[in-house]
Amino acid sequence: MKRTKHQCTRCGSESVTVVPFRVRQIRGESLGYCRHVILEFTIHRVYCHECHHRELEHIHFLSHPKSRLTKSLERTILELRQHMSIKALADFYDLRWHTIKELEKKHLQKKYYHIQTAHIKAIGIDEIHVGRGMKNKQFLTIVRDLQSGAVIHVGEGKGIAALSGALKKLKKSKLKVVTMDMANSYYSWISENFPKAHIVFDHFHVIKLMNDKLDAVRRRLTAKMNDYQRKQIKGLRFICLMRQFQKSSKMPDLVAI
Ligand SMILES: [Zn+2]
């Protein structure tokens, strides 16, 4: 490769000193039967006399100066990654598993660095447990757009502290509905930052509370019963908690008691 012109990438000045740095081997895209294409060339160090910036020269077919794959090979791998596992790709191109994983990670970081949130109307907040133990660090708080299913924010730990980054992202949104479990911290965070949004509790938690109350009533009534009555309703607890309990044939007795 013969390069006639070098430029500082920071200030654009052409007043630079170019010194050979090292010979680098770059993997290129396969050509026909030739699966291993290796490009070998000298990479240079560039020193700018205007802004005194030192850097490795930028090669137009590399995504960054230290990359070991050409841009076109990176694009092909990312395209194939939608249909193949990392291991299959690593075996096919004779690359390390981590090379492909890092390539994909960088691509996703770039793709999802800026998320459009202006259209978001409904979000869901919940935490998931990762790793062992029940310490705060072993939880991740996830905020999702309920319409598209996209993850908007992932915060370490649980509670309000984990949501601090989400506020900035959701500032421009027209939030109308927020779904969550019955944790008080999320409730106060939403009422404070999005006072117009409706809060919807996950029905599992509402039904759980209702069942607990029903259980308490059942216990209180059982305590007042005589032996005969207690025998009659023994084993009926789950019928009482069932959704269709009103249709149950045993129910009239229980109501009578
Ligand atoms: Zn410069």
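Ligands are counted one by one from 1 in listed order, and the atoms in each one are counted from 1 as well.
Taking a 4.5 Å side-chain heavy-atom cut-off between Ile, Leu, Val, Met, Phe, Trp and Tyr, the cluster of V46 extends to V16, V18.
The list of ring-ring contact (aromatic ring centres under 6.0 Å, His included) pairs with a residue in residues 107-150, not counting sequence neighbours, reads H129-F139.
The tally of protein N/O/S atoms under 2.8 Å from the Zn ion (ligand 1) stands at 4.
Side-chain N/O atoms of E55 and T9 include a donor and acceptor closer than 3.5 Å.
Every residue two or more places apart in sequence or in another chain was checked for a ring-ring contact (aromatic ring centres under 6.0 Å, His included) with H98, and none qualifies.
Side-chain contact between I77 and Y93: present, with at least one pair of heavy atoms (C-beta onward) separated by less than 4.5 Å. For the pair Q147 and K121, the minimum side-chain heavy-atom distance is below 4.5 Å.
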